[in-house]
Structure formats: C-alpha cells, structure tokens
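For ligands, and for the atoms within them, numbers begin at 1 and follow the listed sequence. These numbers were taken from a predicted model, which means no experiment stands behind them.
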Amino acid sequence: MSDVPTINIGLCGFGTVGQGVWKHLTANRAELEARVGVKLNLARVAVRDARKRRTVKIPRRCLTEDPLAIATDPSIQIVCELMGGTTLARRVTLAALRQGKIVVSANKALICEHGPEIIAAAQKHGGHFFFEASVAGGIPIIKVLREGLVANRFPRIYGILNGTCNYILTQMDEQEAPYAGVLAEAKRLGYAEADESLDVDGWDTAHKACVLAWLAHGAWVRTDQMIVEGISRISPADFKNAATLGFGIKLLAIITRDFAKNELCVRVHPTLLPGANVIAKVNGVFNAISVTGDVVGTTLYSGRGAGQDATASAVISDIADAAALLKHGKGAHLIGEATTMVPRTCRLAPPESIRCRYYLRLTVKDQPGVLARVASVMAKHRVSIASVLQGPADRPDAASLVLTTHESNERAMQGTLRQLKNLASMLEEPLLLRIGDFD
Ligand code: NAP
Ligand code: HSE
C-alpha cells in the first residue's frame, strides 16, 4: 500500500488530553487508518517540561519545549492545540493557521475569547479549525449542530456542559461529600481545568455556551454579556430542600432564541430541574444537552463530558476529519468547517425576558415577624410566593427559610434580592436559584 499518503500530526500539549490522544490513536491506528485511507503519524509533541515523567511513553526525539516550532514546521499538516490557556495557545493556533495548516483544538476558552480572529485567520490563509473536543467532551455536539441538525433553527439548547461541576454536585448530593474533597478528586481524575475556578465559577460552561451559541445562531456572545453563576454556594442542605420540593440541582448552560423578537439569551447558572426531567438524572462526569430544533423537535445527547478518554475520542474524530479533508480536498468537508459560518445578527435579550420560578434560601434570625418582613419585600417587587419551608440553620438562634416563587422575572427578583440583603434579620448572603421548567 505504498500509495497511501502519510499525514504528520503535531501535538502541542501532552497532559491529560494529549496523552489520551497518543494512547488511543496508537491503540486503534490500524482501524482508523483503514477508515480514513491515510497513514497517521504522530510526529512531534510539545510540552512545557520535557523531563517530566509521564504515564504514556513516547520517543524522546519527538519532544520539544517549543510549540511554535511545531506550528510552523512545514512537515506537520495537523496541529493539535492541547495546552489550554489563551496566550501561547492563541499564538500557536494563529501561527499554524497562517501557514494554511489544520488546527484541532479542545480549547473552549480560546474560542470564546478569540474565535472571530481565529476563524478569520483560517479563512484568509486557507487553514482549517476543528474543535469537537471543546464542548461536552466525548459527545459529538459540534457535529450535531453543524451537520445532523443543519436543517434547523434552534429556539432552545440547554444542558450540563461541565463534567467537574456535575461530578461535584453528584457527590455532594449522593454522598453528602464535602466540596473541597470532591473538587480535589475531580482534579486527580483529570476532569478539572488547570485553573479549577474556571469550572466551579461557571466560566468553562460559559465558554462552551459561547461556542454553541455561535454555531447555532452565528453570534459571538461574550461572557460579560451572560449571567454566569457557579456552584460554590450550593450546600448539602440545598440538595435536601430541592429533593423535598421534587427537584435536582444541575449547573446548566441555557441558550434561548426568540425568533419573533430576534433576541438571544445565553446564561449559565445552577438550576433546579424537576426530577422527571431526564437531565436531572444525568450524574457524575456525564454531560447532557437538549437541543430543540424548529424542524426536528427536541433531541437529547449524553455522555462523558470530561476526562482523558472521552476528550481523546473527540480530538481523534477531528484528526480523522482533518485527514479526510487533506486526502479528498476541500469540497468534501465544507459542511463541517467553521470557515463556512456566515455571521448573523440578533439582539441580546433584556433581563426581564428571563421568566421562571425561583428558589430562595435565607438564613435569618429566628424571631417573630421575620417571615412577614421577607414576604413584604417580595410583595413590593410583585414576586408571588409559591411555597415556604422553614427549618433550623447550622448556627444558633437562626432559621433557614426556603421560599419558591410563582413565575417571575429576573429584574423583579434581583430587586427583591438587593432589598432582602439589607434586612437586619438577614444573617448570611441569600442564595437565589432559578427553576428550569423545560417541557
Ligand atoms: P493539562 O493536563 O494541564 O496539559 C497541558 C499540557 O500543555 C501539558 O502537557 C503541558 O506541559 C503543556 N503546556 C502548558 N503550557 C505549555 C507551554 N508554555 N509550552 C509547552 N507546553 C505547554 O491540560 P488538559 O486537561 O490536557 O487540557 C488541555 C486542553 O484541553 C485545555 O484547553 C482544556 O480546557 C481542554 N480540555 C480538557 C478536558 C479534560 O477533561 N481534561 C476536556 C476537554 C477539553 P507539561 O506537561 O510539561 O506541563
Ligand atoms: N474541565 C472541563 C469539565 C473539561 O470538567 O467539563 C471538559 O471540557
């Protein structure tokens, strides 16, 4: 088979994801090469510290500490950026694209912050940018939006997009495990970002929501244009309260488009999901995404959202697409390419367009009249109370008040929250969670 072309691949980054790509591509090489019709040669690998001991052993001659050397190496056709961060990763990505190479990326932060520049560089220099691993780990959600559901417009996409947070929330709920210990375990398992605040404060989910919103709506929404709230204030008591009320708690990205008003809303926050919603039962490192298309209706996708193997699966799928593109020429794969996206315009929805029920947990002085004062603040903002649970708080002379509301809007709830914080009887920062009534 001497006429089978060889494609040289460079890996920039050989941590959790990079080593997974090497391991699985090597293990499944024969089958993969037979499927794609090319030889796949893992030629070079860049790391920060070439002397570091690694689980996956590779020839020393492949290693460099200069990822830009791989990006500009004329013999490398596919550059996989698997380092993370947005500074060197941006330089490496742009350098490779400017040479007309194909870049495969798992870096959602980079796409969110520099997506337009990267896509423009690919278009200008004839390069290509593939990023299946950037959202939802092993779930091929990028292909779903670009290819499988290309006939659709998308009024709603929502789901769990961060494996670390879902793992932490599940362990807290099922084992009542302390937050810090579960986070350390998520790091050990290779789920968390190098900077774990990206996960737990909601930013990683926001980066992924940005990528999905762009694919679905052609609009780049910055994270400072979204509501972004993380999971660090959720306590074991919230899981108990939510269960009493018939809900689970998940960190969700929610992307909604009102086509009549041409308004787009992208938000990330912990959400109470009714127990009957399938996504409420998706646990551990798994992600799940509900995509509603105007033609297809609602579709649902689930799978491992983080970790070495799931992410390697997505990166290798992009490598296979890239190899096929190199072998068969540009035309064959146009539908799978970011460079075909035409920017569209839509307005960002105002806060009052967010209408939902809310969950409010207050730690208050255990004194007469406190509940009445809380109710009066809510009434002033025209927020209607649906239920009240009262129980002991974990400090003396205090009570925990858990209220749910009838449907209200974000502006009214934020006004309520501001005023509640100032009550003399309020002992801790109130916790406000939104309830996700998705049908
Ligand atoms: P990681 O384990 O921290 O690995 C990062 C790799 O990049 C390491 O090999 C590191 O070298 C190398 N690197 C960092 N800075 C470098 C520099 N200045 N020069 C050369 N090499 C450098 O990270 P990861 O978990 O594999 O994640 C990589 C990317 O994939 C990130 O964008 C992440 O968001 C994304 N991602 C991760 C997952 C996941 O589950 N882990 C899932 C989807 C997407 P050393 O090894 O020498 O330190
Ligand atoms: N830290 C990310 C997560 C990795 O936990 O989902 C996958 O993108």
Side-chain angles (χ1 to χ4, degrees), residues 10-23 44-56 58 63-71 80-93 103-114 131-139 141-142 159-170 182-183 185-209 211-212 230-231 251 253 268 284-289 303-315 318:
L11 303 183
C12 296
F14 203 62
T16 302
V17 180
Q19 291 185 76
V21 171
W22 186 290
K23 183 172 76 178
R44 297 187 72 184
V45 171
V47 291
R48 187 168 23 207
D49 177 2
R51 282 162 303 174
K52 197 191 261 185
R53 286 176 66 84
R54 297 170 200 276
T55 320
V56 174
I58 59 173
L63 275 177
T64 171
E65 291 180 352
D66 181 4
L68 278 164
I70 292 184
C80 300
E81 189 281 289
L82 307 172
M83 299 182 295
T86 56
T87 307
L88 182 60
R90 170 178 166 273
R91 288 177 60 205
V92 165
T93 300
V103 175
V104 170
S105 176
N107 193 335
K108 53 272 173 172
L110 180 73
I111 304 171
C112 182
E113 283 181 30
H114 299 291
F131 48 95
E132 186 61 68
S134 66
V135 183
I139 306 171
I141 193 66
I142 306 295
I160 301 166
L161 299 183
N162 186 274
T164 302
C165 288
N166 207 35
Y167 179 78
I168 293 172
L169 292 176
T170 304
V182 190
L183 173 58
E185 183 65 1
K187 284 184 82 101
R188 192 189 65 75
L189 291 165
Y191 302 158
E193 298 301 304
D195 171 4
E196 74 242 22
S197 68
L198 290 172
D199 295 298
V200 297
D201 293 334
W203 299 112
D204 178 76
T205 303
H207 294 149
K208 292 164 176 167
V211 176
L212 295 186
I231 62 165
L251 180 70
V268 171
V285 74
F286 280 70
N287 285 188
I289 310 163
R304 284 187 173 74
Q308 184 167 76
D309 299 339
T311 313
S313 169
V315 172
D318 272 350

**Report entry** Rounded distance [0.5 Å steps], CG in Leu251 versus CG in Asn162
**Finding:** 6.5 Å
**Report entry** Distance from atom 26 (O) of ligand 1 to nearest protein heavy atom, with residue and atom
**Finding:** Val17 N, 2.8 Å
Report summary line: Numbered in order shown, the ligand 1 atoms found under 4.0 Å of a heavy atom of Ala306 are 40 (O)
Query raised in the report: Which atom names give the shortest non-hydrogen contact between Gln308 and Thr16, and what distance separates them?
Result: NE2-O, 2.7 Å
Query - Glu81 side-chain N/O to Gly84 backbone N/O, donor-acceptor pair under 3.5 Å - result: yes
Requested in this report: Any atoms of ligand 1 less than 4.0 Å from a non-hydrogen atom of Ala133? List them with their elements.
Outcome: 43 (C), 44 (C)
Query raised in the report: Where on Leu88 is there a heavy atom closer than 4.0 Å to ligand 1, on the side chain, on the backbone, on both, or on neither?
Result: side chain
Query raised in the report: Between NE2 of His114 and CG of Asn107, what distance do you get to the nearest 0.5 Å?
Result: 9.5 Å
Query raised in the report: What's the shortest distance from atom 5 (C) of ligand 1 to any protein heavy atom, and which residue and atom give it?
Result: Met83 O, 3.6 Å
**Report entry** CG on Leu189 to OG1 on Thr164, rounded to 0.5 Å
**Finding:** 9.5 Å
Report task. Report, in ascending order of atom number, the atoms of ligand 2 lying under 4.0 Å from any heavy atom of Lys208. Result -> 2 (C), 3 (C), 6 (O), 7 (C), 8 (O)
Query raised in the report: Atom CG of Leu183 and atom CD1 of Ile231: how far apart are they, to the nearest 0.5 Å?
Result: 8.0 Å
Requested in this report: Please identify which atoms of ligand 2 are closer than 4.0 Å to at least one heavy atom of Lys108.
Outcome: 4 (C), 7 (C), 8 (O)
Query raised in the report: Do any nitrogen or oxygen atoms of Asp49 come within less than 3.5 Å of a nitrogen or oxygen of ligand 1?
Result: yes
Query - Part of Arg54 within contact of ligand 1 (heavy atoms, under 4.0 Å) - result: side chain
**Report entry** Sidechain-backbone polar pair: Asp199 side chain, Glu193 backbone, donor-acceptor under 3.5 Å
**Finding:** yes
Query raised in the report: Looking only at heavy atoms of Gly305, does any of them come nearer than 4.0 Å to an atom of ligand 2?
Result: yes
Requested in this report: Considering only protein heavy atoms, determine whether one is less than 4.0 Å from atom 23 (O) of ligand 1.
Outcome: no
**Report entry** ligand 2-proximal atoms of Asp204, by part, heavy-atom distance under 4.0 Å
**Finding:** side chain
Requested in this report: Kindly indicate, with the supporting measurements, whether the criterion side chain to side chain contact (heavy atoms under 4.5 Å, CB included) is fulfilled by Lys52 and Phe14.
Outcome: CA-CA 11 Å; Lys52 197 191 261 185; Phe14 203 62; over 6 Å; no
**Report entry** Derivation of the side chain to side chain contact (heavy atoms under 4.5 Å, CB included) call for Leu68 and Val92
**Finding:** CA-CA 5 Å; Leu68 278 164; Val92 165; 4.1 Å; yes
**Report entry** Heavy atom of the protein closest to atom 28 (C) of ligand 1 (residue, atom name, distance)
**Finding:** Leu82 O, 3.3 Å
Query raised in the report: Any side-chain heavy atom of Arg90 within less than 4.5 Å of one from Leu110?
Result: yes
Query raised in the report: Is there a side-chain contact between Phe286 and Thr170, using heavy atoms and a 4.5 Å cut-off?
Result: no
Requested in this report: State the atoms of ligand 2, each with its element, that fall below the 4.0 Å cut-off from a heavy-atom position in Gly163.
Outcome: 3 (C), 5 (O), 6 (O)
Requested in this report: Considering only protein heavy atoms, determine whether one is less than 4.0 Å from atom 3 (O) of ligand 1.
Outcome: no
**Report entry** The one among Ala136, Gly84, Ala194 that brings a heavy atom closest to atom 32 (O) of ligand 1
**Finding:** Gly84
**Report entry** Min N/O separation Glu65 to ligand 1 under 3.5 Å
**Finding:** no
Query - Interatomic spacing from CD1 in Ile58 to CG in Leu63 - rounded to 0.5 Å - result: 4.0 Å
Query raised in the report: Mind checking whether Gly85 has an N or O less than 3.5 Å away from an N or O of ligand 1?
Result: no
Report task. Please name the residue in the list Val211, Asp204, Thr205 that meets the side chain to side chain contact (heavy atoms under 4.5 Å, CB included) test with Lys208. Result -> Asp204
Query raised in the report: To the nearest 0.1 Å, how far is atom 11 (O) of ligand 1 from its closest protein heavy atom, and which atom is that?
Result: Arg48 N, 3.1 Å
**Report entry** Residue, atom name and distance, where the atom is the protein heavy atom closest to atom 33 (C) of ligand 1
**Finding:** Glu193 OE1, 3.4 Å
Query raised in the report: Just heavy atoms, cut-off under 4.0 Å: does Lys52 contact ligand 1 by side chain, backbone, both, or neither?
Result: side chain
Requested in this report: Search all heavy atoms of Ile168 against all heavy atoms of Val182 and return the closest pair with its distance.
Outcome: CA-CG1, 3.6 Å
Query raised in the report: Counting from 1, what ligand 1 atoms have a heavy atom of Gly307 closer than 4.0 Å?
Result: 39 (C), 40 (O)
Query raised in the report: What residue and heavy atom of the protein are closest to atom 5 (O) of ligand 2, and at what distance?
Result: Thr164 OG1, 2.6 Å
Report summary line: the protein heavy atom lying closest to atom 2 (C) of ligand 2 turns out to be Glu193 OE2, 3.2 Å
Query raised in the report: Taking it one step at a time, do Lys108 and Leu161 satisfy side chain to side chain contact (heavy atoms under 4.5 Å, CB included)?
Result: CA-CA 11 Å; Lys108 53 272 173 172; Leu161 299 183; over 6 Å; no
Query raised in the report: Heavy-atom count around Arg54 CZ within 6.0 Å, excluding the residue itself: above 12?
Result: yes
Requested in this report: Around atom 12 (C) of ligand 1, find the nearest protein heavy atom and jot down its residue, atom name and distance.
Outcome: Gly13 CA, 3.9 Å
Query raised in the report: Does Ala306 reach ligand 2 with a nitrogen or oxygen that is under 3.5 Å from one of the ligand's nitrogen or oxygen atoms?
Result: no
Query raised in the report: For ligand 1, is there an N or O atom under 3.5 Å from any N or O atom of Gly190?
Result: yes
**Report entry** Ala192, portion touching ligand 1 at heavy-atom distance under 4.0 Å
**Finding:** neither
**Report entry** Region of Thr311 engaging ligand 1 - heavy atom pairs below 4.0 Å
**Finding:** side chain
Query raised in the report: Among protein heavy atoms, which lies nearest atom 25 (O) of ligand 1, and at what distance?
Result: Thr16 CB, 3.6 Å
Requested in this report: Flag Asp199 as yes when one of its N or O atoms lies below 3.5 Å from any N or O atom of ligand 2, and as no otherwise.
Outcome: yes
Query - Any donor-acceptor pair under 3.5 Å from Glu132 side chain to Ile141 backbone - result: yes
Report summary line: Within 4.0 Å of some non-hydrogen atom of Lys108, the atoms of ligand 1 are 33 (C), 34 (O), 35 (C), 36 (N), 43 (C), 44 (C)
Query raised in the report: With sequence neighbours excluded, what pairs up with Val285 under the side-chain contact (heavy atoms from CB on, under 4.5 Å) test?
Result: Tyr191, Arg304, Ala306
Report task. Give a yes or no on whether the backbone of Val56 and the side-chain of Gln19 come within a donor-acceptor separation of less than 3.5 Å. Result -> yes
Query - Smallest separation among heavy atoms of Gly137 and Ala314, with atom names - result: O-CB, 3.4 Å
Report summary line: Atoms of ligand 2 under 4.0 Å from any heavy atom of Tyr191, numbered from 1 in the order shown, are 1 (N), 2 (C), 3 (C), 4 (C), 5 (O)
Report task. Just jot down the ligand 1 atoms closer than 4.0 angstrom to any heavy atom of Phe14, in number order. Result -> 6 (C), 8 (C), 9 (O)
Report summary line: Short version for Ala106: what comes under 4.0 Å of ligand 1, heavy atoms counted, is both
